[in-house]
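Just so we're on the same page: letters track the sequence lines, and every chain starts at 1.
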Amino acid sequence: MTAARPPRLRFAPSPTGALHIGGARTALYNWLAARHDGGELVLRIEDTDRERSTEENWEQIVDALEWLELDWDEGPVSQFGRAERHRRALARLLESGAAYRDAATAKDVEAWKAERGAGAGYRGTPSDEPGAAVRLRVPDAGETVVEDLIHGPVAFPNASYDDFVIARGDGTVLYNFAVAVDDAEMGITEVVRGDDHLSNTPKQLLVLAALGHEAPRYAHLPLLHGPDGKKLSKRHGAASVQELREAGYLPAAVRNYLALLGWGTDDDTTLMPTAELVRRFRVDDVGKAAAIFDEKKLRWLNGRYMRELPLEDYVAAVARHLGREPDERLREACAIAQEKAQTLDEVWPLIRFLFEPPVDDPKSWQKVMRPGVEEPLAAAREALGDVEPFAPEPIEAALAPVLERFELKPGRLYQPIRVAITGSSVSPGIFESLAALGRADSLARIDEALVRLRSAKLDE
RNA sequence: GCCGCUAUCGUCUAGGGGACUAGGACGCCGGAUUCUCAGUCCGGAAACCGGGGUUCGAAUCCCCGUAGCGGUACCA
C-alpha cells in the first residue's frame, strides 16, 4: 500500500463556448488520473469573467462531459460563487503588504516599461485612489520554479514578471488569483491542465506563497493542434465534443483515441477499453510535444468499437443517432450492417433501402445496368420467387444455377440485383439484404427495375 | 521585444548512451478473400530538424541555431 493520500483533482474549464477536443482531453486525463488512484475529481467552472460566461455555455460543458461518460465527485462549482472567499484572501494580502493598490493603467505600465527597457517586470507605487487595482508584489530577485510532473523543473526569473493585477478596481478578482486561492482552499493536490498555463503558474505559486498555502503538484499537458499544425479551432472540422457526437462517434472510442493523443504505453497498445485506460494511465507518462488531432485514426478506432458492440447496444446507439425507435426492423437492419460502418453516420445509407424506396442514383444505375443484364435479372427474379425459406443461404443456392446458365461472374448478377433493390451499388451482403427486405418487396423492386430496363431499351 | 515550452515515418507514438538494419498503430500503395463497399489477412514505401560538442560509442546527454507553440490583460 502506498503512503500517498488519494489525490484530489479538478477540471476547470472556462464557459466560453462548446467544449473543445483539447478541453475534452484535459477532462479525460484528469478523470483518468483521479480514477486510477481512487481519488476525487471536482468540476469547477472558471466564470469570473462575467461577460463571457453564459448559462448556455455551462450546459454545453456539462452536456459534453456527460456524453463522454466522464463523471465527477463534486460540482459543478462556480468560481464566481466563491467570490466571498476570494475577497477574504485578498484582504489578507492587502493587510500583510504582500499586495497593494495601484492606480496605474495599462498605458502607465507601458510607459514605465518603455523607460526601463524591455524585460523588466513592472513595479508600481501604492496609491489610495478609489478604483485602483490590486497588484501582488513580485520579488525582484530569484526565480520561481514550477516542479512539473511532465516537464520537470521549469524556472522563471521573478524579475521578468510584473507586479500583476490580482483584483480589479471594483474589487472582483482575476483568474490567476482566484485559481490559486480555489485550488488551495478546495484541497486540490494535482493540477492537470494545458500547457498554455505553464507561464502563468509562477504567478499562482507567488499568490500561494503570499497566502502561506502549500502548492499543489502541476502537470502541464501539451496542446492539441489541427491537421495544419496550428492550434485547434472551429476551422478544423469536428473540433468540439458536440460535433464528434453528431458525426457518429462512440464515446468509448473517443475516450480511447483522446487518451492516446499525447500519451502512450511502452508496448504501444492502441485498443484500450476505458477500464484498461484507467488501470494504465499515469500523468507522468504523458509526452511533451503537441499532438495533431487526426480524424482518420479516430474513424478506424470507432469502427473497431462499433463492430465489437453487442447487437442490442449497437441497435440502441444507431436508434439514438437516427432518432428512431429501436424496433425489430431496425434490429434486423443493424444485424446486416454492423460489420460495415465505421461511424453511426455511415449506417443509414447502408440500411435505408429497408425503410424507404430505392434511392435514385444515376451513377450506380449506369455503371451496373449495362446491356445484357435484363435476361439474367429476370431469371434471378423467377428463381427468387420460389425460394423457401426466403433466407440468405437458400437465396444463394437458388441464384447459383442462374449464374451457371448465363456463365456469369457472380458480380455480374449480384450487382444488378443490388441496384434494383437498393438503388445503389453499395449495400450490405446481397443475400442478407434480400432476406431482410423480404420476398414481396424484393420481387416488386426487381420488377420495377426490369420495367425501367425495357423502356430504356425501347428509347434507343 | 521579453519570458518559457517543444522537436523520431504524412499522423499518433515506442525508444532515455551500445540490444537501432530505429519498433508498433492509423493513413497510403500493392496483393489475397472469385457479390459491391466495408472488414479481415499478407506484403511494401515512409522518420531521429540543422550544426557543434561530451563519449570508445548519441535518436538518446550538453550548447548554439532554426522552426512551431504558449505566456507577457483591471481575459480565462
Considering Watson-Crick and G-U wobble pairs with both distances under 3.5 Å, what does [N] pair with?
{"N": "B/U72", "result": "B/G1"}
{"N": "B/A58", "result": "none"}
{"N": "B/A47", "result": "none"}
{"N": "B/A7", "result": "B/U66"}
{"N": "B/A38", "result": "none"}
{"N": "B/A19", "result": "none"}

Can a side chain N or O of [X] be found less than 4.0 Å away from OP1 or OP2 on [N]?
{"X": "A/Lys409", "N": "B/U34", "answer": "no"}
{"X": "A/Thr16", "N": "B/A76", "answer": "no"}
{"X": "A/Arg304", "N": "B/A25", "answer": "no"}
{"X": "A/Arg168", "N": "B/C75", "answer": "yes"}

By nearest atom, which of the nucleotides [options] is closest to the [X] side chain?
{"X": "A/Lys296", "options": "B/G27, B/G4, B/C75", "answer": "B/G27"}
{"X": "A/His225", "options": "B/G68, B/U11, B/G27", "answer": "B/G68"}
{"X": "A/Ala291", "options": "B/A7, B/A76, B/C12", "answer": "B/C12"}
{"X": "A/Glu46", "options": "B/C5, B/A7, B/A76", "answer": "B/A76"}
{"X": "A/Asp196", "options": "B/G70, B/C12, B/U6", "answer": "B/G70"}
{"X": "A/Ala133", "options": "B/A7, B/C74, B/G15", "answer": "B/C74"}
{"X": "A/Val154", "options": "B/C5, B/C74, B/G39", "answer": "B/C5"}
{"X": "A/Thr270", "options": "B/A25, B/C35, B/C26", "answer": "B/A25"}
{"X": "A/Lys297", "options": "B/C74, B/U72, B/C12", "answer": "B/C12"}
{"X": "A/Pro157", "options": "B/A25, B/G4, B/A76", "answer": "B/G4"}

Within the 4.0 Å heavy-atom criterion, would you say [X] contacts the bases, only the backbone, or no part of the nucleic acid?
{"X": "A/Phe431", "result": "base"}
{"X": "A/Asp162", "result": "sugar-phosphate"}
{"X": "A/Gly262", "result": "sugar-phosphate"}
{"X": "A/Ala159", "result": "nothing"}
{"X": "A/Phe156", "result": "sugar-phosphate"}
{"X": "A/Thr48", "result": "sugar-phosphate"}
{"X": "A/Gly169", "result": "base"}

Geometric class of the A/Phe281/A/Tyr29 ring pair [parallel <30°, tilted 30-60°, perpendicular >60°]: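 Rings of A/Tyr29 and A/Phe281: tilted, 30 to 60°.
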
Any idea how A/Trp112 and A/Tyr122 line up, ring-wise: parallel (<30°), tilted (30 to 60°), or perpendicular (>60°)?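 Taking A/Tyr122 first and then A/Trp112, their aromatic rings stand perpendicular (interplane angle over 60°).
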
When rounded to the nearest Å, what value does the distance between [atom1] atoms of [N] and [M] take?
{"N": "B/G53", "M": "B/U11", "atom1": "C1'", "answer": "33 Å"}
{"N": "B/G10", "M": "B/C29", "atom1": "C1'", "answer": "14 Å"}
{"N": "B/A22", "M": "B/C3", "atom1": "C1'", "answer": "36 Å"}
{"N": "B/G30", "M": "B/A45", "atom1": "P", "answer": "15 Å"}
{"N": "B/G1", "M": "B/U60", "atom1": "C1'", "answer": "35 Å"}
{"N": "B/G65", "M": "B/C26", "atom1": "C1'", "answer": "34 Å"}

Has A/His197 got its ring stacked on B/G70, by the test of a centre gap below 5.5 Å and a plane angle below 30°?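 A/His197 vs B/G70: stacking no.
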
Starting at the 5' end of RNA chain B, which residue's closest nucleotide do you reach first, A/Gly264 or A/Asp102?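 Its nearest nucleotide lies further toward 5', so the answer is A/Gly264.
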
Identify, between A/Ser199 and A/Ala290, the residue whose nearest nucleotide on RNA chain B lies closer to the 5' end. A/Ala290

State whether the distance check finds a donor on one side and an acceptor on the other, under 3.5 Å, for side chain A/Lys340 versus base B/C37.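 Such a pair exists between side chain and base.
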
Check: A/Asn200 side chain, B/A76 base, donor-acceptor under 3.5 Å: yes

[atom1] of [X] versus [atom2] of [N]: gap in Å, rounded?
{"X": "A/Arg412", "N": "B/U36", "atom1": "CZ", "atom2": "C1'", "result": "13 Å"}
{"X": "A/Tyr29", "N": "B/C12", "atom1": "OH", "atom2": "P", "result": "12 Å"}
{"X": "A/Leu271", "N": "B/C26", "atom1": "CG", "atom2": "C1'", "result": "13 Å"}

Verdict with supporting geometry, A/Ile351 and A/Leu330, side-chain contact (heavy atoms from CB on, under 4.5 Å): CA-CA 9 Å; A/Ile351 62 172; A/Leu330 190 64; 3.9 Å; yes

Can A/Glu110 and A/Lys113 be counted as an ion pair, charged N to O under 4.0 angstrom?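 Between A/Lys113 and A/Glu110 there is no salt bridge, as every charged N stays at least 4.0 Å from the carboxylate O atoms.
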
I'd like to know whether A/Arg307 forms a salt bridge (Lys or Arg N to Asp or Glu O under 4.0 Å) with A/Glu339, so could you lay out the CA-CA distance, the side-chain angles of the two residues, the decisive distance to 0.1 Å, and finally the verdict. CA-CA 6 Å; A/Arg307 270 172 269 126; A/Glu339 292 298 307; 5.2 Å; no

A/Arg452 to A/Trp365, cation-pi by 6.0 Å centre distance and 45° axis angle: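 Geometry flag: set, cation within 6.0 Å and 45°.
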
Does NZ or CZ of A/Arg352 come closer than 6.0 Å to the centre of the six-membered ring of A/Phe355, within 45° of the ring's axis? no

A/Pro376 side chain near A/Leu408 side chain, heavy-atom distance below 4.5 Å: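 Side-chain contact under 4.5 Å: yes.
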
